J.: 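A single structure is presented below for examination.
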Amino acid sequence: MDYDALRLFVHLAGTLHFGRTSRACHLSPSSLSRLVQRLEREVGWPLLERDRRTVKLTAEGERFAAHAGETLERWRELRQGLGTADHSLSGTISLFASVTACQSFLPRVLSAFRQAHPDIHIQLETGYAADALEMVRQGRVDVAVAALPDRAPPALATRIILHTPLVFVAPAAPCEVARQVDRDPPPWGELPIVLPATGLAREIADRWFRRKRVAPRLYSEVPGSEAILSLVSLGCGIGIVPRLVVDRSPLRAEVRPLEVTPALGEFRVGVCTPRRRLRSPLVKAFWDSLAR
């Protein structure tokens, strides 16, 4: 059983989607399926339950995924520790961030780390911001850029980078939704709303509507802020996104932030990693660079 096979299985256990893992890992779905079958033969138990629409881990698959994650982490720590004899760190650190983070503040965050440790390779994966904490919890990456809750889990080390308000956005062009928004007060129970499907932004939005005693009229629930801005710019409804995303979006001229009472509140954007990962020389070096 090789480490590449374990790495692929851990990724698949996180996505439970052969196509998504195949694309992310640059492997055909048929090759990934054969790899899973080989692992099942070696383990002696079925690891996945599959039909045409769903993929689920069996009880044995859950135990094997946990074992694979722990094995990969120990292997990573060993390799990184062996590279410190000459006081020069080398190896790979994996990082997850949204596209907006990559295009805005992440290069500045990584600059000191790159200058101090040019031999460390940064493996950067992008995706939906709402997935960041889960990526770290599942051990699929070393570090993630995420919207941090007020109380982070004790097992998670966090460091705040910036604060950005969460805002409602409406279409900038004249349309029925824009006319509804401009009424005083806006008819919140009638407005079509585009909300994040999951994550901290969705939790904040749900609390806001409960406080207003309004049942939102959902137009759509989508996983990314960029998709929310696209639907809002088309006049499909109003949405909720971090202000940072609006400011960096190519659609910023086609939407307009709204002043609401009460305000939605702020996002605390930062980096996070499991505390146990700080034993890794590479992750510790990255963490220390954030204080500079």
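A quick note: this is a predicted structure, and the numbers were derived from the prediction, not measured.
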J.: Are R179 and E176 within salt-bridge range, i.e. N to O under 4.0 Å?
T.: yes
J.: What are the two closest heavy atoms between W208 and A263, and how far apart are they?
T.: CD1-O, 4.2 Å
J.: By side chain to side chain contact (heavy atoms under 4.5 Å, CB included), which residues pair with T261, not counting sequence neighbours?
T.: none
J.: If you draw a 6.0 Å radius around CZ in F18, do more than 12 non-hydrogen atoms from other residues or ligands fall strictly inside?
T.: yes
J.: Side-chain donor-acceptor pair under 3.5 Å between E49 and T54, yes or no?
T.: no
J.: Hydrogens and angles aside, do R34 and S31 bring a side-chain donor and acceptor to less than 3.5 Å of each other?
T.: yes
J.: Step by step, would you call S33 with R50 a side chain to side chain donor-acceptor pair (under 3.5 Å)?
T.: CA-CA 11 Å; S33 182; R50 286 177 276 178; 3.2 Å; yes
J.: Do any side-chain atoms of residues 156-165 form donor-acceptor pairs under 3.5 angstrom with protein atoms, and if so which ones, sequence neighbours left out?
T.:
unit_1, atom_1, unit_2, atom_2, d
R159, NH1, W287, O, 2.8
T164, OG1, L244, N, 3.0

J.: Which ILVMFWY residues are connected to L229, directly or by a chain of links, through side-chain heavy atoms under 4.5 Å apart?
T.: V167, V169, V194, Y219, V222, I228, L231, V232, V241, V245, V246, L251, V255
J.: Report yes or no: do S30 and S28 form a side-chain donor-acceptor pair below 3.5 Å?
T.: yes
J.: For the pair D206 and R210, find out whether any cationic side-chain nitrogen is under 4.0 Å from an anionic carboxylate oxygen.
T.: no
J.: Salt-bridged, R38 to D2, with N to O below 4.0 Å?
T.: yes
J.: Whether D182 and R256 form a salt bridge (side-chain N of Lys/Arg under 4.0 Å from carboxylate O of Asp/Glu) is what I want to check.
T.: yes
J.: Report yes if the side chains of V260 and W188 come closer than 4.5 Å at any heavy-atom pair, otherwise no.
T.: yes
J.: Check this for me: does any side-chain nitrogen of one of E221 and R202 sit under 4.0 Å from a carboxylate oxygen of the other?
T.: yes
